[in-house]
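No hydrogens, no waters, no symmetry mates; every other heavy atom, side chains included, goes into these values.
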Amino acid sequence: MTVFSNGSHIPAKCIKELHLEKVIGIKDIKIESSSLESFSLLLPFQNYELWDLSISAEKLEDICIHWQFDSRRDSKFHLLPRIRSFNLFAPKLKNFKWSGNFLNHHHLGNLMCLEEADIFLMPDLDDSSNLFEVLCSICMVKVLTLNEETTKALCRGGSMPVPLDSIRYLSLHVTSLNADLVAAMVSIFRGITSLNTLCIMSDLSKSSVSGTEDDSDIEEVVEDNDTEEENNENEEEDNDNYTEEEDNETEENATEKENNESRFNVEYWKSQNLTFIYQLKEVRIDLLDGNNELEFARYILENAPSLEKMVIIQSPQHSDVVEMVTKSKMISNATVVLQERQSS
């Protein structure tokens, strides 16, 4: 194996595992290996130096990349208009984990042996077409986990359904089934025909993904250290500035939430004519902060003929779950398990 770093190379024969953490001061990493089977690169959050990552390893089976940065601060480090890129040649790759920022350029090839992929990226508004190419590269994956940002980006700009014919297990980590996310889910579901297990999970670990505090977190801590007198003055000022416009805005938000909850009901899901539901056997759904999740669960119960088990994770305020399950016209003999969410 040869590792090229900043133009120089480090020979390393017969290495099967290579794990790099807290890498700093390197602009380019290029790995060429005929023996490497497992590779991970975990960059610190404030790493702005790395621009290019290239891996060519014909025996590579496991890879984990965490490459996160604040692209808005690039100008501070005089890196613009530098393009960050990730190139991968690993025809035998089985497990792929990629988290952090979406990059300007990537080439993953056709990962025909891929079994499991976790994609937790934070795409910008103009990254949807490139992200679609990433999912096309992993289209043979059997187990796929996506975060909310990646899921939403897939349907921006009218993206075509992602062809995921081989997928058997899909897990989506989300905060709520709002309008944007529902549209993205429909786009993904249209490309799936043989899904066996579906998980809609609460994204409780979202704050820990970044790995460090950003400026907004620091500012919030500083604000919390204000004196009691300053807090009282701010509170009085806020009360004085509470206007009729704010009342109207609150009413508009409440109306929008109500419209979303009534829009994405069982009839909406039925109207999408999604074929993935016919092979669905197990579902795990976390009821979050609205009625959309409950309606989606009901849709599955009433339209999934092969369903064997559904696990519904609920909080105490969701007292209508039992009623929903009881009144649902189930077309299968599925077992429904209700679990109460554990407080963190």
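The six-membered or imidazole ring of Trp67 lies away from that of Phe86, with a centre-to-centre distance of 6.0 Å or more.
In terms of hydrophobic clustering, with Ile, Leu, Val, Met, Phe, Trp and Tyr side chains grouped at heavy-atom distances under 4.5 Å, Ile200 and Tyr268 are assigned to a common cluster. Residue Tyr278 is grouped with residue Phe276 when hydrophobic side chains (ILVMFWY) are merged at heavy-atom distances under 4.5 angstrom, including chains of intermediate members. The cluster map of Ile, Leu, Val, Met, Phe, Trp and Tyr, joined by side-chain heavy atoms under 4.5 Å apart, puts Ile277 and Val325 in the same cluster. Ile31 and Phe89 fall into different hydrophobic clusters, where Ile, Leu, Val, Met, Phe, Trp and Tyr side chains are chained together by heavy-atom contacts under 4.5 Å. Note on Val321 and Met310: same hydrophobic cluster, where clusters join Ile, Leu, Val, Met, Phe, Trp and Tyr whose side-chain heavy atoms are under 4.5 Å apart, directly or indirectly.
Here the CD atom belonging to Glu37 is positioned 8.0 Å from the CD atom belonging to Glu17, to the nearest 0.5 angstrom. Here CE of Met185 is found 8.5 Å from OG1 of Thr151. Values are rounded to the nearest 0.5 Å. Taking CG of Leu111 as the start and CE of Met140 as the end, the distance is 11.0 Å to the nearest 0.5 Å. Interatomic distance, CD1 of Ile63 versus NZ of Lys97, reported as 12.5 Å (0.5 Å rounding). Taking CG from Leu43 and CG from Leu20, the interatomic distance works out to 8.5 Å, rounded to the nearest 0.5 Å. Atom CG of residue Leu198 and atom CG of residue Leu172 lie 6.5 Å apart, to the nearest 0.5 angstrom.
Here the closest heavy-atom approach between residue His105 and residue Asn87 is recorded as NE2-OD1, 3.6 Å. Summarising the geometry of Asp286 relative to Ile313, their closest heavy-atom pair is OD1-O, 3.4 Å, with the distance given to 0.1 Å. The nearest pair of heavy atoms linking Leu36 to Lys16 is CD1-O, 3.5 Å. Counting all heavy atoms, side chain and backbone alike, Met201 lies closest to Arg284 at CE-NE, 3.6 Å. Among all heavy-atom pairs drawn from Val337 and Lys309, the shortest one is CG2-CE, 4.0 Å. In terms of heavy-atom proximity, Phe96 sits nearest to Leu93 at CB-CD2, 3.9 Å.
Looking at Ile188 and Leu135, their side chains never come closer than 4.5 Å, going by heavy atoms from C-beta outward. You'll find the side chain of Arg190 reaches within 4.5 Å of the side chain of Gln272, heavy atoms only. Using a 4.5 Å cut-off on side-chain heavy atoms (C-beta onward), Ile119 and Ile138 make contact. Proximity of Ile285 to Phe296: side-chain heavy atoms (C-beta onward) are separated by under 4.5 Å at one or more points. At a threshold of 4.5 Å between non-hydrogen side-chain atoms, the residues Trp269 and Val182 count as touching. Between Lys30 and Asp28, every side-chain heavy-atom pair lies at or beyond the 4.5 Å cut-off. When side chains are defined from C-beta on, Leu181 does not count as touching Asn292, because their heavy atoms never get closer than 4.5 Å. For the pair Val336 and Met330, the minimum side-chain heavy-atom distance is below 4.5 Å.
The backbone N or O of Val266 lies less than 3.5 Å from a partner atom in the side chain of Glu295, making a donor-acceptor pair. Looking at Asn147, its side chain does come within 3.5 Å of a backbone N or O of Leu121 through a donor-acceptor pair. Put simply, the side chain of Glu282 never gets that close to the backbone of Thr197: no donor and acceptor are under 3.5 Å apart. At distances below 3.5 Å, not a single donor-acceptor pair connects side-chain atoms of Thr150 with backbone N or O atoms of Phe120. At least one donor-acceptor pair closer than 3.5 Å links the side chain of Ser35 to the backbone N or O of Ile15.
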### Task
May I have the step-by-step check of side chain to side chain contact (heavy atoms under 4.5 Å, CB included) for Glu323 and Leu294, ending in yes or no?
CA-CA 11 Å; Glu323 181 181 0; Leu294 200 61; over 6 Å; no
### Query
Could you go step by step and tell me if Glu61 and Ser38 meet the side chain to side chain contact (heavy atoms under 4.5 Å, CB included) rule?
CA-CA 6 Å; Glu61 295 185 355; Ser38 177; over 6 Å; no
### Task
Check the pair Leu42 / Cys64 against side chain to side chain contact (heavy atoms under 4.5 Å, CB included), numbers first and verdict last.
CA-CA 8 Å; Leu42 307 179; Cys64 177; 4.1 Å; yes
### Task
Could you walk me through whether Lys270 and Glu302 pass the side chain to side chain contact (heavy atoms under 4.5 Å, CB included) test, one step at a time?
CA-CA 10 Å; Lys270 289 176 64 176; Glu302 296 184 351; 5.8 Å; no
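Residues Glu267 and Asn265 bring no donor and acceptor atom of their side chains to less than 3.5 Å of each other. For the residue pair Ser194 and Arg168, a side-chain donor N or O sits within less than 3.5 Å of a side-chain acceptor on the partner.
With Arg298 as reference, Met324 is the one residue of Glu293, Lys327, Met324 to meet the side chain to side chain contact (heavy atoms under 4.5 Å, CB included) rule. Screening Leu88, Leu108, Leu114 for a side chain to side chain contact (heavy atoms under 4.5 Å, CB included) with Ser137, the sole residue that qualifies is Leu108.
With sequence neighbours excluded, the residues satisfying side chain to side chain donor-acceptor pair (under 3.5 Å) with Ser40 are His19.
Atom NZ of Lys59 sits in a sparse spot, with 12 or fewer heavy atoms from other residues, nucleotides or ligands closer than 6.0 Å.
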